[in-house]
Amino acid sequence: MNVLCFGEIWQLKYSSLPESVPFQVLENGDIISRKKIDYEKDPHCYFLNITVTDPEGLNSTRTVNINIINIDDESPYFTTKQRIYRIPEEQSPGTVVANITAKDPDDEDSPSRLFYSIQSSDTYFSINPSTGVLQVTGRIDRDVLPLQLHPNISVIVRVEDSPHGGHSSEMEITVIIGDINDNPPECNPSTFRKEINENSTAGIVLLDLRNSCKDIDADPPNNLFRFTGLSGFGSNNFALESAESGRLVMAESIDLENPSNPGVEVYSLTVRVQDIASPNYSNTIYIYIRIKPVNEFFPVFSSLSYEFNVPEITKVGSSIGKVTASDADRPPSVITYSIIAGGGTKDYTNAFWINPINGDVKILARLDYETTQKHFFTVQASDQEKTATASVTVNVLEVNDEEPVCSPKFYSFQIPVSLAAGTNVNGFRIQCQDRDSDPRSFRYFIEEGNVNNHFTFSPVAGSNTSQLILASPFDYESGLDMKWIYRLRVYITDDNLLSAKNKATHLVKTGTVTLSIRVIPNPTTVTTTTPGFTVVTKRENLYLDSAWYVPFVTTLGSLLLLGLLGHLGVLLARWLCARCPPAPRADSTPLINTPDKKKPKKEVALEMIKLSTVFDGEARDPVTGKMYEFNTQSGARRWKKSNEPLQPTAAMQVMSSATGNSGQETDRAEVPIKKETSEKREEPREVARPSAGPSQAPGQDRVKVLKWKEEPEDRKLPSTAQQPRQ
């Protein structure tokens, strides 16, 4: 450092003491460290005496206090050793399963500030991020899949020393879910319906209830049940063969024709299906047994023959009568009716129809007295097995339903204007006939077009023939008559023989005749003509104002079609992106404390030496159900022999050596415990199993040395044991 003093520049020099302090001061006054400081191994505070000297030899000394600040450079580790926990199913949310603890070397003896989380996708458990308490959060049902077949739940717990991107460690724990009796036996269906014939033999099996019932609890005796409590009206006619079998049998025969029988068609029974294990949950089964009657009697009509009187004007579809039949069977059988013969006309094969349920007879075609006065047909009553027949006669009653028919119906002619009154017009004569009326019943009158009453008929009634008469002469000269063409509408009725009282109540029919009469004027008669005109119609093919919706609907349909095509294009692009993901890119920014390059793969050899391993505990394997023994200190296991007692506690030491390119190092590690059956062996690429495991006989001093290629350090072997920290 240079200092300006009285116009001269002086250069200052710095020095520091003591030499043991891993710091030094440079000539420019900068203080630097001479080695890498480790907070966990080195002192946390240093005192450095710094002396500054000018060119004249004057100096000054000061003491600098350097405090080492701890940084997060160590990964936390778990202090909890237990890896397997057992809880029963259906635990309430908040139930504590385990208390997971960990330690961070950066925290020395002070409590560690760590953060816990669950990495596996688990819906059953959650962990307190501050305390590491693992507790139940969702319903755990041992009786449904997948827990029904695999009751073990694996949970991967992670501990971190920072909530965002710090150092972390992971541990896998297993929670075994135990079964409890929490489900009653269920029957599907829970309601049974059975139909049996009357007089069925006692002792026959009606229902086997056990085939329809089950208990979804996973393990016995929680899923065992029995049948008890047969009850209901008429239950004395039935019985349970045994509580375990669940078979319902007929206790005695039922005869519906027996006067002592209560007449019940359906028996309602209940049976209780109950758990054998406590708390003895139960359900109720409902059974309905219908006694099917046996058809023993023929149907019988209330009469052997029926006769119905029907007016010929009765409308088609009208009911004309009813036939009834009954059955002596108890309960009465359902009887259906049908026409088996007759009932046709010359125009219709079936002129009548009978309701198959109630025997109501209806007409399907118009009846005509003038054609057929009587109809005969045969009806049948059937109870699906036996039949009976009866005859039906339909008397058609005559009604005035025919109108007079006159000839000609239309006539056109011309007459001179000078025709004398009383003259038969052009010799015209009308002649009428009626199929259901006397010729003397006709009356004639002009209803329309008879201006000034120039025309009349003679006779006006009492005959089927009448002449058209000019009643009064035409008078065009005085202006009394103006029309030259007369259109007469003539009505002919068939009520001439009826009294005034009967005309109001009886049906009267009317015929019509139309006459067109042109009066021909004399040559001196002046006729007035009306000038004619021509109508021209012009048509144009244009949209009406009310048809605005035509272009609107066309435009809207086009827009909707374009939108649909665009949406399909977006979906196609997303599908292509999902099927063809982009190539992964290397991350250019290295992670903190990540080595520049991975260590090369190393050949690893493991050697395990067994030292008097003794098994002092036993348990049942949840997969195979076999008993095995284990060492409580080392976790070693083997299948249990039936005649071998438990042994006192012993220890097992496992040594592993690894040789790599960079030198040799020796690590201690716990032996990973892995379940396997004798039928399924792994290839010798996995970690060596404990010397006293279930697949190895005791007393063997050494196990085989297995070699494999070690994966890079950023990949971990699947193990339930945590490697100890160096």
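Annotation: F552, atom CZ; neighbour count of heavy atoms from other residues, nucleotides and ligands within 6.0 Å does not exceed 12. Sparse packing is recorded around NZ of K292, with 12 or fewer heavy atoms of other residues, nucleotides or ligands lying under 6.0 Å away. Other residues, nucleotides and ligands contribute over 12 non-hydrogen atoms within 6.0 Å of the CZ atom of R290. Heavy atoms from other residues, nucleotides or ligands lying under 6.0 Å from OH of Y348 number 12 at most. Atom CD of E195 sits in a crowded spot, with more than 12 heavy atoms from other residues, nucleotides or ligands closer than 6.0 Å. Around atom OH of Y286, no more than 12 heavy atoms belonging to other residues, nucleotides or ligands sit under 6.0 Å away.
A donor-acceptor contact shorter than 3.5 Å links the side chain of S382 to the backbone of Q384. For Y444 (side chain) and I430 (main-chain N/O), no donor-acceptor pair under 3.5 Å exists by modelled atom type. Judged purely by atom type and a 3.5 angstrom limit, N283 uses its side chain to pair as donor or acceptor with the backbone of P185. The closest donor-acceptor contact from the side chain of Y337 to the backbone of A325 lies under 3.5 Å. Between the side chain of D383 and the main chain of T387, no donor-acceptor pair closer than 3.5 Å is present. Looking only at distances, no side-chain donor or acceptor of T514 sits under 3.5 Å from a matching main-chain atom of R489. Judged by distance alone, with hydrogens and angles left aside, the side-chain atoms of S558 form a donor-acceptor pair with the main-chain N or O of T554 at under 3.5 Å. Between the side chain of K409 and the backbone N or O of T512, at least one donor-acceptor pair lies under 3.5 Å. With T95 contributing its side chain and Q91 its backbone, the two residues share no donor-acceptor pair below 3.5 Å. In this structure a side-chain-to-backbone donor-acceptor pair under 3.5 Å is present from D141 to D143.
In this pair, Y486 and F474 present their aromatic rings tilted. The plane angle is within the 30 to 60° band. Between F428 and Y411, the ring planes are tilted. Angles from 30° to 60° get that label.
In this structure, a donor-acceptor pair under 3.5 Å is present between the side chains of N395 and E307. Under 3.5 Å, the side chains of D360 and S319 contain a donor-acceptor pair of N or O atoms.
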Practice problem: Test side-chain hydrogen bond (donor to acceptor under 3.5 Å, both in side chains) on H454 and D481 and set out the steps. | Solution: CA-CA 10 Å; H454 285 297; D481 291 323; 2.9 Å; yes

Practice problem: Let me see the working for S168 and E170 under side-chain hydrogen bond (donor to acceptor under 3.5 Å, both in side chains), right down to the final yes or no. | Solution: CA-CA 7 Å; S168 64; E170 291 184 355; 5.9 Å; no

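Under the 4.5 Å side-chain criterion, counting only non-hydrogen atoms from C-beta, I87 is in contact with V136. Using a 4.5 Å heavy-atom cutoff, the side chains of V519 and I485 are not in contact. Put simply, the side chain of V490 does not reach to within 4.5 Å of the side chain of F445, judged on heavy atoms.
Remark: aromatic rings of Y267 and Y288 are distant, center separation not under 6.0 Å.
Of the residues E89, Q148, E90, the one that meets the side chain to side chain contact (heavy atoms under 4.5 Å, CB included) test with D179 is E89.
In terms of heavy atoms, Y491 sits closest to E447 at CE1-CG, 3.6 Å.
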